[in-house]
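Let me begin by presenting the structure, written as structure tokens, before commenting on it.
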Number of protein chains: 2
Amino acid sequence: MAKMQFQREQVLEQSANLFWRVGYHATSMQQVFQHTGLKPGSVYLAFGNKEALFKESLTHYCQASLQGIQASLSAASNIELGICQILESMLEQSLNSDYCSCFLVKSQLELSDEPELQTLVSEQLQQIEALYSEFLMHIYDEPEAKAKACSLMLHIFGIRVYSYHQGSLEKMRQALQVGLPWLPWKLRIN
Amino acid sequence: MAKMQFQREQVLEQSANLFWRVGYHATSMQQVFQHTGLKPGSVYLAFGNKEALFKESLTHYCQASLQGIQASLSAASNIELGICQILESMLEQSLNSDYCSCFLVKSQLELSDEPELQTLVSEQLQQIEALYSEFLMHIYDEPEAKAKACSLMLHIFGIRVYSYHQGSLEKMRQALQVGLPWLPWKLRIN
DNA sequence: CATCTTTTTGAATGAACATTCAAAATTAAC
DNA sequence: GTTAATTTTGAATGTTCATTCAAAAAGATG
């Protein structure tokens, strides 16, 4: 048999980046061929169709996000400080000139008219909330941890939209300090 | 000359609803013809092309939003109570089974790859923030009013994404009370 | 009523789209 | 070295898309 000429993971990453930036509907399969260097037949053999490729790309992105959070919170000297660092790095992303929010948040809004994809995205965002919740349960009881995880997600979603506005960083930082008063904002991040 | 067979405003409302629910790229002009009852030629004569129709639809929606906020805050016995009422009505929208966020927020995320449309959406969202800011300046000094308007928008954006999750209403209400502590949450709304 | 202007109509156009498939190439197995 | 299994290729397919336009219809004007 012929060896697979491409790495599945790498292709998923490339198409995730494309779908993320351009959006599901605005991305054509031709663009996918260009960005991955694959020919139509190869993509269709490997992934089935556009929707299936999108689903796998999204899932791949979500898994990477979960691992990133897991790593950050495990490495941090304490969980709340770790959360502050994650939020701070999100704020810094808003400085990037080609900022384009979060793939999951963008997909949640774009695909609200397509029940199957919508469900997938919702589940994945809830996995992220559940992960925060799990970590917070190390220091709070369950209802408290869940409430704080929800409040955190609400603020993250806010950041993911508000970051499109220029010069928003300092204003968002202020709002976060008011809105998430249980986080150790005064401790400076190394 | 032949009388215009349709009301421009009504057509803009119909197409805004379509673009809002389905998204800009996923909405075909054929769908526009169906929903408005107009023929291709009429739409193209009246609005130019798809992008121009979208822009006008979006602007129409934004103007209606601004007027709604203006009306709510003018009618309220005090501004902060009025803001609470607006937020409460947003929370209640999340109960609707065909909830689909806010046209402006959805557009901001979907069109991040199209500079011209992106700029338009950003400006309109900033108009809304400016309107809140203006009202808040009746009771706070300028920097305070601006900071509070920003924090309010951050929470509104959060609601507009988080509302897709089922059973989110009570959790969001809690998060709002923590995140916007300067609002009169304890006063019950009539 | 006749003429002029504007609107309406909807079939037609060409481009872009997702997807297919038969043929060619590649590698594994023995 | 031969055969079998799998992957690669890219032109071709049929559909859907945004948009156009010449002809028809509907007031307006005098």
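Letters go in sequence order (proteins before strands), and every chain restarts at 1.
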Worksheet item: Which class fits the ring pair A:His165 and A:Tyr162: parallel under 30°, tilted 30 to 60°, perpendicular over 60°?
Response: parallel
Practice prompt. Taking the side chain as every heavy atom from C-beta outward, state whether B:Glu110 and A:Leu109 have any pair of such atoms under 4.5 Å apart.
Written response: no
Discussion item. Once salt bridge (Lys or Arg N to Asp or Glu O under 4.0 Å) is applied, what residue pairs with a partner in residues 55-64 of chain A remain, sequence neighbours excluded?
Written reply: A:Arg8-A:Glu56, A:Glu51-A:Lys55, A:Lys55-A:Glu116
Discussion item. Can you measure A:Lys39 atom NZ to C:dA25 atom C1' for me and round it to whole angstrom units?
Written reply: 14 Å
Fill in: Aromatic B:Phe33 / basic B:Lys39 pairing, under 6.0 angstrom, 45° off normal
no
Discussion item. If you take the centroid of each ring, where Trp contributes its six-membered ring, are A:Tyr164 and A:Tyr99 closer together than 6.0 Å?
Written reply: yes
Practice prompt. Return the orientation label for the A:Phe103 and A:Trp20 ring planes: parallel under 30°, perpendicular over 60°, tilted otherwise.
Written response: parallel
Contact list (N/O, under 3.5 angstrom) for nucleotides 22-24 of chain D vs protein:
none

Where do N or O atoms of nucleotides 18-20 of chain D meet protein N or O atoms at under 3.5 Å, pair by pair?
| unit_1 | atom_1 | unit_2 | atom_2 | d |
| --- | --- | --- | --- | --- |
| D:dA18 | OP1 | B:Thr27 | O | 3.3 |
| D:dA18 | OP1 | B:Met29 | N | 3.3 |
| D:dA18 | OP1 | B:Lys50 | NZ | 3.0 |
| D:dA18 | OP2 | B:Met29 | N | 2.6 |
| D:dA18 | N7 | B:Gln30 | NE2 | 3.2 |
| D:dT19 | OP2 | B:Tyr44 | OH | 2.9 |
| D:dT19 | OP2 | B:Lys50 | N | 2.9 |
| D:dT19 | O5' | B:Tyr44 | OH | 3.4 |

Practice prompt. Identify the heavy atoms of A:Lys171 and A:Gly167 that sit nearest to each other, and give their distance.
Written response: CD-O, 3.8 Å
Worksheet item: Would you call the rings of A:Phe54 and A:Tyr24 parallel, tilted or perpendicular, where under 30° means parallel and over 60° means perpendicular?
Response: tilted
Worksheet item: Rounding to a whole Å, what distance do you find between B:Gln7:CD and C:dT7:C1'?
Response: 15 Å
Item to complete: To the nearest Å, give me how far apart CZ (A:Phe47) and P (D:dT7) are.
Response: 12 Å
